Protein chains: 4
Amino acid sequence: MSTNSVDAGHLRAFLERIERLEEEKRAIADDIKEVYAEAKGTGYDVKIMRKIVSIRRMDADKRREEEEILEIYLAALGEA
Amino acid sequence: MSTNSVDAGHLRAFLERIERLEEEKRAIADDIKEVYAEAKGTGYDVKIMRKIVSIRRMDADKRREEEEILEIYLAALGEA
Amino acid sequence: MSTNSVDAGHLRAFLERIERLEEEKRAIADDIKEVYAEAKGTGYDVKIMRKIVSIRRMDADKRREEEEILEIYLAALGEA
Amino acid sequence: MSTNSVDAGHLRAFLERIERLEEEKRAIADDIKEVYAEAKGTGYDVKIMRKIVSIRRMDADKRREEEEILEIYLAALGEA
DNA sequence: TCAGATAAAATCGCGC
DNA sequence: GCGCGATTTTATCTGA
């Protein structure tokens, strides 16, 4: 078997892994849309919900950042 | 329990479902990145890989579209 | 003449170009709507027409993508 | 020549008109992007420019609305 | 830093 | 006429 065919087989495997993962990603994105639609059907305002989710995500990111900084400080103290 | 607290609980449940799904989505996106990185490490050209994936996705989309138009045609015939 | 006024004049010129182009774009969008309306009046199914247009656009896009990937391949070969 | 073939020819003509118009629309959209890119290269903030364009568009719409209302009033007066 | 991909918001057209 | 789904446009985000 030539090097090329081995490479091609390898490449194909990579592509298939990627495509399977992209499909899963799309499925989850659809699930998210469905939840928003369901919430809308229950009377909630989707736009506001998205804002809440976005703010909470920023909060979570901020918390992570702060924890990282704290760890850096603690590490610096440990070395001091 | 007041209507408000019930509604709030409901909203909270929706938000938590969404946030869990978004986290899963992010995890999968990371997986995809890892696969590309691994392929790159094996010597493949990421740009070319992305193009291939994109073209194959267009094929799939087109097939879907064609199935949809077939359904629309059939529905139109049914109404005729 | 101050830098500010020059800049402002420049900005104004950009904005006017954009607005003129947007108006042209809107006019064309209206024309498209009119054609669909006319076709509908002649008895054609707009939904099906839109699907056909969409599928043909995908064909064109795919052709473009394929040309692009060919160029990328050739460029990659040139660098090899 | 059957009715069907005439219809098909007609349909084809509609589709071609639409596709030609869509291409023009796309070309203009590209022009707009280029203007923004050029403005960006001159140091302007694209996001702010978009906001300005959007606000001016709203103003223009508002003016149009007000003129329409004025005309309706005037017409009502003429009939009174 | 920049373009290109992705996600979000706005808009439009259709059916009820 | 109005909500709903589909398309289009805008904004954000990522990776080269």
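Each chain gets a letter, A, B and so on, in the order its sequence line appears, and its residues count up from 1. In this text the structure is predicted, and so the values were computed from the model without any measurement.
The separation between B:K47 atom NZ and E:dA3 atom P is 13 Å, rounded to whole Å. For the pair D:I18 CD1 and E:dG13 P, the computed distance is 13 Å after rounding to whole Å. Whole-Å rounding puts the A:K33 NZ to F:dT7 P distance at 12 Å. Remark: P of E:dA7 and CD of A:E22 are 10 Å apart, rounded to the nearest angstrom. Nucleotide F:dT9 holds its C1' atom 11 Å from the OH atom of D:Y36, rounded to whole Å. Remark: C1' of F:dT12 and CZ of A:R50 are 14 Å apart, rounded to the nearest angstrom. Between the P atom of E:dA8 and the NZ atom of B:K25 lies a distance of 6 Å, rounded to the nearest Å. For the pair D:D30 CG and E:dG4 P, the interatomic distance rounds to 12 Å; values are reported in whole Å.
Between B:Y44 and A:L11, the shortest heavy-atom contact is OH-N, 3.3 Å. A pairwise comparison of heavy atoms in D:L21 and C:I28 identifies O-CG2, 3.3 Å as the closest pair. Nearest heavy atom pair, residue B:E19 against residue A:V53, reads OE2-CA, 4.2 Å.
Ion pairing of D:D59 with D:K62 is absent here, as no side-chain N (NZ or NE/NH1/NH2) approaches a carboxylate O to less than 4.0 Å.
Mapping D:A37 and C:K40 onto DNA chain E via the closest heavy atom, the residue that lands nearer the 5' end is D:A37. Position along DNA chain E of the nearest nucleotide to C:A29 versus A:V46 favours A:V46 as the more 5'-ward residue. Positionally, the nearest nucleotide of DNA chain F for C:K51 lies more toward the 5' end than for the other of D:K51 and C:K51.
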